[in-house]
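Here the structure comes first, spelled out in structure tokens, and everything after it is commentary.
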Protein chains: 2
Amino acid sequence: MQRPTGSTEGLRRSNTGAVLRALRRLGPSTRVELAKDTGLAKATVGVIVADLEAAGAVAEEGSRPGVRGRPGRPVALRGERFVTLGLELNVDYVSAVVLDLAGDVVSSSSRPGGTTADLRELAGTALAEHVGTDSTLVGAMLAVPGLVRGDNRTVAWAPNLHVTWPDVADTLGSLVPGRRIEVSNDANCAAYAESHHGAATGAAHALYLTGTVGIGAGIVQDGEVMRGGAGFAGEVGHMPVGDSTALCGCGRRGCWEASIGLHAMLAAVAMTELDTPLRTAEAVAARALTDAGVRSGLERVGRDVGLGIAMLSSVLDPEVVVLGGYFAPLGDLVLEPARRTLDERLASAVQVRPDLRTSTLGIQAAALGAAEQSFGPVFAGERELTA
Amino acid sequence: MQRPTGSTEGLRRSNTGAVLRALRRLGPSTRVELAKDTGLAKATVGVIVADLEAAGAVAEEGSRPGVRGRPGRPVALRGERFVTLGLELNVDYVSAVVLDLAGDVVSSSSRPGGTTADLRELAGTALAEHVGTDSTLVGAMLAVPGLVRGDNRTVAWAPNLHVTWPDVADTLGSLVPGRRIEVSNDANCAAYAESHHGAATGAAHALYLTGTVGIGAGIVQDGEVMRGGAGFAGEVGHMPVGDSTALCGCGRRGCWEASIGLHAMLAAVAMTELDTPLRTAEAVAARALTDAGVRSGLERVGRDVGLGIAMLSSVLDPEVVVLGGYFAPLGDLVLEPARRTLDERLASAVQVRPDLRTSTLGIQAAALGAAEQSFGPVFAGERELTA
DNA sequence: GACATTAGTACGAGTCTCGTACTTAATAGT
DNA sequence: ACTATTAAGTACGAGACTCGTACTAATGTC
């Protein structure tokens, strides 16, 4: 999905990227299998694999015999050598994920707090403990709840965070010398994570919905995050959906998050907020087991969730919609009414309702997605893996 | 924007595509200018240009002196040799556009009628009159109002058309021997046309809204049509927007097109339909000059248009929104209230309202977009131009 | 008319992919 | 146990392509 650099070296980079992608997708594979999948010649794959092995990016596994003929020697991505760092700075917690080239999570941690110092400490610990001198940090990305420009560098608007941006950039810059830390929107990162590791694995077109006090969406189209003209695509919290009289925190009426945000949900079930959205939702789910009033309140919220997803689906046509944030603990209590509403709103018989699922990655979704995105240039064949 | 095929020949194709794209974007350019723009070496560009000239795809223009040094000899895309055919089959009219490699419309025609025979006749005439034996038909695409799968081959649902699909495919197949005719959605084609030739020229992220009895959207993201998982992205007519009590032709209530479709607009201004949507809208626009009631009716429609665009903008973040179909003749009568509504619904201070414009391509938009899309593989460096 | 300046080309070096032929390592059959 | 068969991986030379350098060509400037 990228333009080759023009030169033959660029061609090699591009083909190396194709081999790496095939290894991620197929798992351990022999050279012949890789050749078949990528369309390259056997000999070419052999050379590329040898280079990757020298760089420490792949390793041979034990052969698997049983069939006639010389057994192939499968090659697998090796995690030890190359890693990325994904961070999330949120209102009341920070997260860090170290991901390796094989796609395994090397380290995953989060803690309460929302300051630059909290983030710095968590990231510093993760790096110190899990990124040795023999491994290379390929890239790093920070996910934030806010509007981030398409260049992945400047935060245009993050009203809920109590930090100043040059400060964050400086702090993190000193942490990862020589590598710029990119910034991206948390919902976009989470969407990427779910489509690569979570509930939407394998779906090229996925939609992720994060729900806390605000509502945000991350859109994955053709395996890539969709950013829009300025980078602000997916800011769906203030779409006019649901109860048109509901007063939103932004001062207007009828915003979607005024109908399905955490506070609206709590009002619907007549309960109060606990310390975190997740714990609050768990308490609501527990109460729903015995309280019909809570169940019907969630039913109302679910219908409004479905209404918004109907809208988004008709625009984006995703295969899978993943609900994260406070929706995850509530599960089918919200999803079932949403599915019913969605079925009612399908425009035609040929349209298939997207699969509604709850997030499987929880609070680490955004940080994991940030880490995974940092591998993007490697798998795209834009950045070379050097020892 | 695409991956080379692996071989060095693929690299050449890819680089040739880059040169062609540069020529389209920059206009006539010298080899040095092309080298600077594409990042290729002077010598490489020289070879590629020579090949293209031999194939008849480009030609040298008169030099432009005036500066010190040897004057460059600009090279320009040549239209005579390679063309594409874009067709549109709609409910009550058919259109055909022949487009050449230089981006000039060679022929553009449309006529009433909505049968396979009408289409065949129009297409046959266009080909016979404007595609000589010395020119090559690079590709052909048909735009239809309906749901077309992402493979650009199968029509899943087109309830308004009174044709059978194998029939259309056979008829057109015999017209363009040896080349498969692709099919696509009309709004997607029109969006592509507007972003390449029309009101959104130069915008990488554009949204096109077509309005007749039904409402459809075409989405261009990063210069490419966004299709979604099944190919049905942009089916926005039945989003729940606007008057939630309005009864839609689909049997449900609250669909957007029940508030802003042609019939809803006519009800709002208390006028009756003429033979075509365009002529009807022109009559309404004329009446609005003297009739305050009509103006306030359009005002109401405009607000609902703005409400839906607010929704779409928060999801897609386009730079430009182009309104086609019956909206074009009404212009600011609808756009102004839409802009005001949009301004009210912007979620944050940093978000910029997308530019609302009326279509400049009129009834030919879809056919032109279909033709332009048929050049896609050429500019992407996937298909070679051979004499 | 000499010089400076810029455009375009010729050419050789380097890189890469590919197909073919060959080697290697296993199973199947006798 | 030995041979035939099958399939994986590699060595090697041919071919295609890009690139940098050196060179030629064409124009304006002094």
Side-chain angles (χ1 to χ4, degrees), chain A residues 3-19 22-23 26 28-54 58-76 381 384 386, chain B residues 3-20 22-23 26 28-55 58-76 381 384 386:
Chain A
R3 181 173 302 138
T5 324
S7 66
T8 50
E9 285 93 337
L11 182 57
R12 163 60 64 91
R13 263 202 304 282
S14 173
N15 286 339
T16 303
V19 170
L23 280 171
L26 306 175
S29 320
T30 67
R31 292 162 180 78
V32 171
E33 287 165 350
L34 291 171
K36 196 160 293 174
D37 186 79
T38 58
L40 298 171
K42 267 200 305 180
T44 307
V45 172
V47 176
I48 289 175
V49 166
D51 282 1
L52 285 174
E53 200 169 3
V58 304
E60 281 195 352
E61 289 194 336
S63 69
R64 29 175 198 206
V67 287
R68 217 183 159 88
R70 173 174 171 177
R73 293 188 310 177
V75 173
E384 212 167 346
T386 48
Chain B
R3 183 169 302 135
T5 324
S7 66
T8 51
E9 286 93 337
L11 182 58
R12 163 60 65 92
R13 263 202 304 282
S14 175
N15 286 338
T16 304
V19 170
L20 288 171
L23 280 170
L26 305 176
S29 319
T30 67
R31 292 161 180 78
V32 171
E33 287 164 349
L34 290 172
K36 194 160 296 177
D37 186 79
T38 58
L40 299 170
K42 266 198 309 180
T44 307
V45 173
V47 176
I48 289 174
V49 166
D51 281 2
L52 285 173
E53 198 168 5
V58 304
E60 280 195 353
E61 289 195 333
S63 69
R64 29 174 197 207
V67 286
R68 217 180 159 88
R70 174 174 168 177
R73 294 190 308 180
V75 174
E384 212 167 347
T386 47

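Proteins come first, then strands; the chains are lettered A, B, ... in the order of their sequence lines, and each starts at number 1. What you see below is based on every heavy atom in this structure, not just the backbone, and it leaves out hydrogens, waters and symmetry mates.
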Hey, is the side chain of [X] poking within less than 4.0 Å of OP1 or OP2 on [N], counting only N and O atoms?
{"X": "B:Thr8", "N": "C:dC16", "result": "no"}
{"X": "A:Asn15", "N": "C:dT17", "result": "yes"}
{"X": "B:Arg12", "N": "D:dT18", "result": "yes"}

What is the distance from [atom1] of [X] to [atom2] of [N], rounded to the nearest Å?
{"X": "B:Arg31", "N": "C:dG8", "atom1": "CZ", "atom2": "P", "value": "5 Å"}
{"X": "B:Asp51", "N": "D:dC17", "atom1": "CG", "atom2": "C1'", "value": "11 Å"}
{"X": "A:Arg73", "N": "C:dT24", "atom1": "CZ", "atom2": "P", "value": "12 Å"}
{"X": "B:Leu34", "N": "C:dT6", "atom1": "CG", "atom2": "P", "value": "19 Å"}
{"X": "B:Leu11", "N": "C:dC18", "atom1": "CG", "atom2": "C1'", "value": "15 Å"}
{"X": "B:Lys36", "N": "D:dC19", "atom1": "NZ", "atom2": "P", "value": "16 Å"}
{"X": "A:Glu60", "N": "D:dA8", "atom1": "CD", "atom2": "C1'", "value": "11 Å"}
{"X": "A:Lys42", "N": "C:dC16", "atom1": "NZ", "atom2": "P", "value": "21 Å"}

Report task. Using heavy atoms to find the nearest nucleotide of DNA chain D for A:Glu33 and A:Gly69 separately, return the residue whose nucleotide is more 5′. Result -> A:Gly69

Mind checking if [X] touches a base, just sugar-phosphate, or nothing, with heavy atoms under 4.0 Å?
{"X": "A:Val67", "value": "sugar-phosphate"}
{"X": "B:Arg68", "value": "base"}
{"X": "B:Val47", "value": "nothing"}

Query raised in the report: Which distance, rounded to the nearest 0.5 Å, do you find between the OG1 of A:Thr44 and the CG of A:Leu34?
Result: 12.0 Å

Report task. With rounding to the nearest 0.5 Å, note down the distance linking OG1 in B:Thr30 to CD in B:Glu60. Result -> 10.5 Å

Report task. Verify, without hydrogens or angle tests, whether B:Thr8 (side chain) and B:Leu11 (backbone) share a donor-acceptor contact under 3.5 angstrom. Result -> no

Query raised in the report: Would you find a donor on one side and an acceptor on the other, under 3.5 Å apart, between the side chain of B:Thr16 and the backbone of B:Arg12?
Result: yes

Requested in this report: Run through B:Leu40, B:Asn15, B:Val75 and flag the one making a side chain to side chain contact (heavy atoms under 4.5 Å, CB included) with B:Val45.
Outcome: B:Leu40

Query raised in the report: Where the side chain of A:Val32 is defined as all heavy atoms beyond and including C-beta, which of C:dG8, C:dT17, D:dA8 is the nearest nucleotide?
Result: D:dA8

Report task. Look at the side chain of A:Arg70 against the base of D:dA8 and say whether a donor-acceptor pair falls under 3.5 Å; ignore hydrogens and angles. Result -> yes

